[in-house]
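Reviewing the structure listed below.
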There are 4 protein chains.
Amino acid sequence: MPKETFNQLPPDKKERILKAAAGIFAERGFAGTDVAQIAARAGVAKGSLYNYFESKEDFYLHVCRDGIERSRAAVYQEILPDWDIFRQIEHIFRRGVSFVLSHPEYIRLYLNVSSAGMERFADNLTLEVEKHTADYLKGLLREGISRGTVRRDIDVNLAAFLINSLYVVFVVSLISRHFQIRMKEYLGIEGALNEHTIEGSLRAVLEMIHDVLRPMRVAGQNKMPRRIDLTQSSQGTQRKDK
Amino acid sequence: MPKETFNQLPPDKKERILKAAAGIFAERGFAGTDVAQIAARAGVAKGSLYNYFESKEDFYLHVCRDGIERSRAAVYQEILPDWDIFRQIEHIFRRGVSFVLSHPEYIRLYLNVSSAGMERFADNLTLEVEKHTADYLKGLLREGISRGTVRRDIDVNLAAFLINSLYVVFVVSLISRHFQIRMKEYLGIEGALNEHTIEGSLRAVLEMIHDVLRPMRVAGQNKMPRRIDLTQSSQGTQRKDK
Amino acid sequence: MPKETFNQLPPDKKERILKAAAGIFAERGFAGTDVAQIAARAGVAKGSLYNYFESKEDFYLHVCRDGIERSRAAVYQEILPDWDIFRQIEHIFRRGVSFVLSHPEYIRLYLNVSSAGMERFADNLTLEVEKHTADYLKGLLREGISRGTVRRDIDVNLAAFLINSLYVVFVVSLISRHFQIRMKEYLGIEGALNEHTIEGSLRAVLEMIHDVLRPMRVAGQNKMPRRIDLTQSSQGTQRKDK
Amino acid sequence: MPKETFNQLPPDKKERILKAAAGIFAERGFAGTDVAQIAARAGVAKGSLYNYFESKEDFYLHVCRDGIERSRAAVYQEILPDWDIFRQIEHIFRRGVSFVLSHPEYIRLYLNVSSAGMERFADNLTLEVEKHTADYLKGLLREGISRGTVRRDIDVNLAAFLINSLYVVFVVSLISRHFQIRMKEYLGIEGALNEHTIEGSLRAVLEMIHDVLRPMRVAGQNKMPRRIDLTQSSQGTQRKDK
DNA sequence: GATGAATGAGTGTTCATTCAT
DNA sequence: TATGAATGAACACTCATTCAT
C-alpha cells in the first residue's frame, strides 16, 4: 500500500525506484538493505521514499507485490487455453526460467520471504503468489483428468504441490548461491550454468512430471529418452506427446 | 573454525551455547540476531563468545556446521546397508521429517543460507551439506541400477537431484512460514499441520519417486494406491515392493 | 510579522489557520509541532503557510501575539472605570478563568514560552503581555491609594507583581498537567476540577489579595469568612466590602 | 529507573553524566536535546548512555528525579523543628533561592515539565515533588494553628497552596527568561537581577505570607516596613518578629 | 497565490567488537 | 579465562524549508 504520492509519479521514475529497490532488496535482503542505498541508486532523496511509502516494510511489500505481478504476467501470458496440460506446464516452466534468468531479483525476493525473521512478509505475500498457481495447476489437472490425458486416480492437490515444488526448486537453483551450488554438485556441473545444463535438467523435470501424470504406462511405450540429450533443441519436448 | 578455547569448554557449556545460538540464529536470521541475546540465553557473557569465535560470522558458521552434523547423524543412522534404495530413501525421508519436527532450528539455518546476503555462508557450507547427500543418493541409485531395482536408462545425477529436491521442499514446508502456508494452500489444509497430513503428503512424494525410478511399469502393476489412505500405518509403504 | 499575503486572506481562512496553529502549538509545543499537521488541520497546503509566514518561528510568534490580543480583549472588556480596585481585580480574575477554560490553548502558549529553549520567543513576546497588565495593575493600585481603598505604605510594584503572580499560578493550574496535579494535591481534590473547587480557590486568592491591600486591619473587622463557603454565589465577594 | 550499569559507575562519572544531562536538558528542553550532546559534554560515548538508561525519556526522568532530591536536600536541611512556621518558611524560601541561583538547571527541569508535550513526565514526576512540600507546609500550618501563631480560621490546604504558589513564581523568575523579564517589568528593574532586588522582593513575599497567616492584625502592630529597604541585610527579616 | 512533492540534515537507538579488570 | 562496560558506526525515520507546476 504505497501512498498516493507514489502512484502519481511519472512512470519512468516509479520504474527507476522499483527497479532499484527490487535489485537492492534482492541482493542484500530486507534487513541488510539501507534505504539510503536504494534512494541513491534510484537517484532520489531518501526522504522522498518516505513520501511514497509508510515505512521500509511497506516499501518492501510493495516491491514484492510488484514482482509477483511481473512474474505472473511474464509466465502466464501467451498460453492458449486449448493446449493440453503437458504443453501448458512446459510453457510455464520455460517462461519461468526465462523470466528468472532475465530478472533474477524477483525470485530472490520470493525466496527471501521464506527465511527467518520474514514471517510477517510471508503472512502478507505468500498466499498472493501461491494461490494463483495452485488454482491454475489444479484446474489443469482436473481438466487433464476429464480429457483423459491425466491419470484418473491421481490426487489433484498432491500432484499440483509436487509439480510446483519441482518448479520452485528449479528456478530457485538459478538465482540462489546456495541452491545453485547444490544443483551443480548434484548434476556434476563445473563452471557457470549455461543453457545446455539448464535445458537438460529442465527436460528431466518435465519428464518426471510426465511419468507421474500419464495414465497409461505400458512397458516399452515410454517414448521420451531417459538419458537426456542435451544437444537437442529446447523445442523438442512439447512435440513429443502429439 | 572456533578458537581453541571453545573446544576446551566443558561439554555442557558448549552444548548450552550451541543450542542457544542455533535457536536464536534460526528464529531471527543472521542479520536479525543480536549476539548479546545468544549470550543471555546461553548464560554466558557476551565477551566470552568472542573468546570462542573470531566473529559473529565465524560463530554462525560453526553453529551451522554443528547443525549439519546433527542432522546427518539423526537421518543416516540405523540404515542397514542391505536395504534396497526405496527402503533407504523412505527411511531418510521419515527420519528427516522426524528430526526437523523435533529440531526445526537446524533446517531453518539451512534454509536461511539460501537467502540474499548469505552467499558467503553458502560458499562455506553448502557443499558440506549437499555433497554427502548427493554422493549417497547417487550411490544408492547406481547400486539400484546394478541390482535391477532401478531403471537402467535413468540419469543418476538428475534422479538424485530430483529426489533431494522433493525432500528439501518437503522438510522446508514444515518449518518455514512461507513454505508452510504454501503447502497448506496446495493441499487444502486448514489449521495446523498434523501427523496425518504430513504422512499423506510424505507418502505421495515417496510414491512419485517410485514411479520415476521403477524399471517396469506395466499397466495394472502399480500397486501403490493413488489416492492416499491416511488411516494406513506409516509402515505400509516400504513393504509394498517386497 | 506575517507576510502581506496572510493579511489579504479571507478572514475565515485566517481564522482557520490561527485556530489550527494555536491548538497544535499549544498541545505539542513549538519543537513538537510538525507544520504539516497544522496545515492539515487548517485545510491548507503546507507550502501555503510559508507564503504567509517567514518560518515556523515567525508563525509561532504571530499565533502567540494573536492569542495575547484575544486574551486581553476577553479579560479587560466590560470593565467600568469607576469600579474600585477590588471589583476590577475580581472581574479580571473571573474573566481570565473563564477565558482560559474556554480557550486553554492561548494560556498554554503563554506557559510554553517560559520553558527551556524558548528564550528567543520570550524576548519577543513577554513584554508584550506583561507590560500591559503590569501597568494596569499599578494604575489600579495607585488610584486605590489615592482613593484610600488601598494601604498607603504599600510598594506598588511589588503588590502588582504578587497579585499577578497569584493570577498566573491560578490560571496555569487550569491548563497545565503539571500545575493541575500540583493544585489538586494541595487542595485535596480527587477527580476532575469542577466549578466548585475552582470557585473556592479563586475566592481564597482574592481574599488573600484583600488582606494584603486593605488599609485598615483592626482586629474583629475582618468580615470575610476565612473558611470559604463553596455554596455561596460567585457574586458575593465583591459586595462584601461595600 | 536507570539500568544497574549506571549505579555501578564510579561516582565521579555518574556525577559528570548527571551534571551534563541536567545542564543540557535544562538549557534546551527534552525535545531540543540531542543525546549526543550530553554524551559529548560528559565525555562518554553516546552508546554508553544507552547502557545506563533505557531511553532518552528514561534518562530525562532520572535526571529530574535526581534534581528533585538535590533540591530537597538543599532546601530542607538544617531546619530545626522547634522553629516557628514563619522562620521555617523564610528558611525554605531563602535556601530555595540560594539553591536555584547556584543550580538553576534543576528548577528549569521542573518548569519544563509544566509545558506542552511533557504531560507524561508530569504524570511521573509532579507528585514526587509536590506531595512532600504540600505535606510539609500543611503540617507547619496545623502546628502553627495549634500553637496560636497562625489564625484559627484559615483553610490549611488553600494557605499551603498560596504559599507555595508564591514560592514557585519567585524561584521561577530567577531562571526562566520569560518569568525574569516579567518580574523585572513589574519591579521596574533594569539590567541584571542582583542580590538587592532579589532580597527586596523576597521579603515582600514573606511579608505577604505573614499578613495572611497572622492571627492578630491590629492597626499599628505591623512592624515590618511596607516599603522594603533594599539595603537591609538578608538576615534581617527573621529577627523582626521575635 | 496555492500546492504538495523533493530534499537532506538531524536524531534516537542498536549492536558487533574491543578491552580493562 | 570470563566478564560486561565502552565504543561509534550505522540506520530508520522526521520535518523545516524550497520550488516547480
Side-chain angles (χ1 to χ4, degrees), chain A residues 3-6 8-10 13 31-40 43-59, chain B residues 3-6 8-9 13 30-40 43-59, chain C residues 3-6 8-9 13 30-40 43-59, chain D residues 3-6 8-10 13 31-40 43-59:
Chain A
K3 298 183 183 176
E4 273 195 32
T5 322
F6 183 66
Q8 290 160 1
L9 246 34
K13 190 170 187 178
T33 293
D34 179 352
V35 173
Q37 297 165 334
I38 297 177
V44 301
K46 182 170 48 156
S48 297
L49 296 180
Y50 285 88
N51 287 339
Y52 307 146
F53 301 96
E54 294 293 347
S55 62
K56 188 187 180 187
E57 193 164 324
D58 180 38
F59 191 10
Chain B
K3 298 183 183 176
E4 284 183 27
T5 42
F6 182 65
Q8 289 159 5
L9 247 32
K13 190 170 187 179
F30 177 76
T33 291
D34 179 350
V35 172
Q37 297 167 333
I38 296 177
V44 301
K46 186 166 48 157
S48 299
L49 296 180
Y50 284 85
N51 290 336
Y52 309 145
F53 302 96
E54 293 294 346
S55 63
K56 189 187 180 187
E57 194 164 324
D58 180 37
F59 191 13
Chain C
K3 297 181 182 178
E4 285 183 25
T5 42
F6 183 65
Q8 289 160 4
L9 245 35
K13 190 170 187 177
F30 178 77
T33 292
D34 180 350
V35 172
Q37 297 166 331
I38 297 177
V44 301
K46 186 165 48 156
S48 299
L49 296 179
Y50 284 85
N51 290 336
Y52 308 146
F53 302 95
E54 294 293 346
S55 63
K56 188 185 180 186
E57 194 164 325
D58 179 37
F59 190 12
Chain D
K3 298 183 183 177
E4 274 195 30
T5 321
F6 183 66
Q8 289 159 3
L9 246 35
K13 190 169 187 179
T33 292
D34 178 351
V35 173
Q37 297 165 335
I38 296 177
V44 301
K46 183 167 49 154
S48 297
L49 296 180
Y50 285 86
N51 287 339
Y52 308 146
F53 302 96
E54 294 294 346
S55 63
K56 188 187 181 187
E57 193 162 325
D58 180 38
F59 191 11

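Order of the sequence lines fixes the chain letters, A, B, ..., with proteins taken first and strands second; residue numbering starts at 1 for each chain. All values below come from the heavy atoms of this structure, side chains included, with hydrogens, waters and symmetry mates left out.
Within 4.0 Å (heavy atoms only), Asn51(A) reaches at least one base atom of the nucleic acid.
Under the 30°/60° scheme for interplanar angles, the aromatic rings of Phe59(A) and Phe53(A) are found to lie parallel.
Heavy atoms of other residues, nucleotides or ligands lying less than 6.0 angstrom from CD of Gln8(B) number more than 12.
One distance of note links CG of Asp58(D) with OH of Tyr50(D); it measures 10.0 Å at 0.5 Å rounding. Taken from CG in Leu9(B) to OG1 in Thr5(B), the straight-line distance is 7.5 Å, to the nearest 0.5 Å.
Nucleotide dT21(E) forms a Watson-Crick or G-U wobble pair with dA2(F), both donor-acceptor distances falling under 3.5 Å.
Comparing Gly32(C) and Ala36(A) along DNA chain F, the residue whose closest nucleotide (by nearest heavy atom) sits nearer the 5' end is Ala36(A). When each of Ala45(C) and Ala31(B) is assigned the nucleotide of DNA chain E bearing its nearest heavy atom, the one mapping closer to the 5' terminus is Ala45(C). For the pair Gln37(B) and Val44(C), both in contact range of DNA chain E, the more 5′-proximal nearest nucleotide belongs to Val44(C).
Taking side-chain N and O atoms only, Tyr50(A) has no distance below 4.0 Å to OP1 or OP2 of dT14(F). Contact check, Lys3(C) against dG1(E): no side-chain N or O comes under 4.0 Å of OP1 or OP2. Between Ser48(D) and dA5(F) there is no side-chain N or O to OP1 or OP2 distance below 4.0 Å. Taking 4.0 angstrom as the limit, Tyr52(C) places a side-chain polar atom (N or O) nearer than this to OP1 or OP2 of dA2(E). Taking only side-chain nitrogens and oxygens, Lys13(B) comes nearer than 4.0 Å to OP1 or OP2 of dA2(F). In this structure, Lys46(A) does not reach the dG8(E) phosphate: none of its side-chain N or O atoms is under 4.0 Å from OP1 or OP2. Put simply, Gln8(D) has a side-chain N or O that comes within less than 4.0 Å of OP1 or OP2 on dA5(F). Distances shorter than 4.0 Å separate none of the side-chain N or O atoms of Thr5(B) from OP1 or OP2 on dT1(F).
Closest approach of Val44(C) to Lys13(C), counting heavy atoms only: CG1-CE, 3.6 Å.
Taking atom CZ on Phe6(A) and atom P on dA5(E), their separation rounds to 13 Å, with Å as the unit. Rounded to whole Å, atom P of dT17(E) lies 10 Å from atom CG of Asp58(B). Rounded to an integer number of Å, the gap from CG of Asp34(A) to P of dA12(F) is 5 Å. When rounded to the nearest whole Å, the span between CG of Leu49(C) and P of dT3(E) equals 10 Å. Rounding to whole angstrom units, CD1 of residue Ile38(B) and P of dC15(E) are separated by 12 Å.
The side chain of Leu9(C) lies closest to dA2(E), out of dT13(E), dT17(E), dA2(E).
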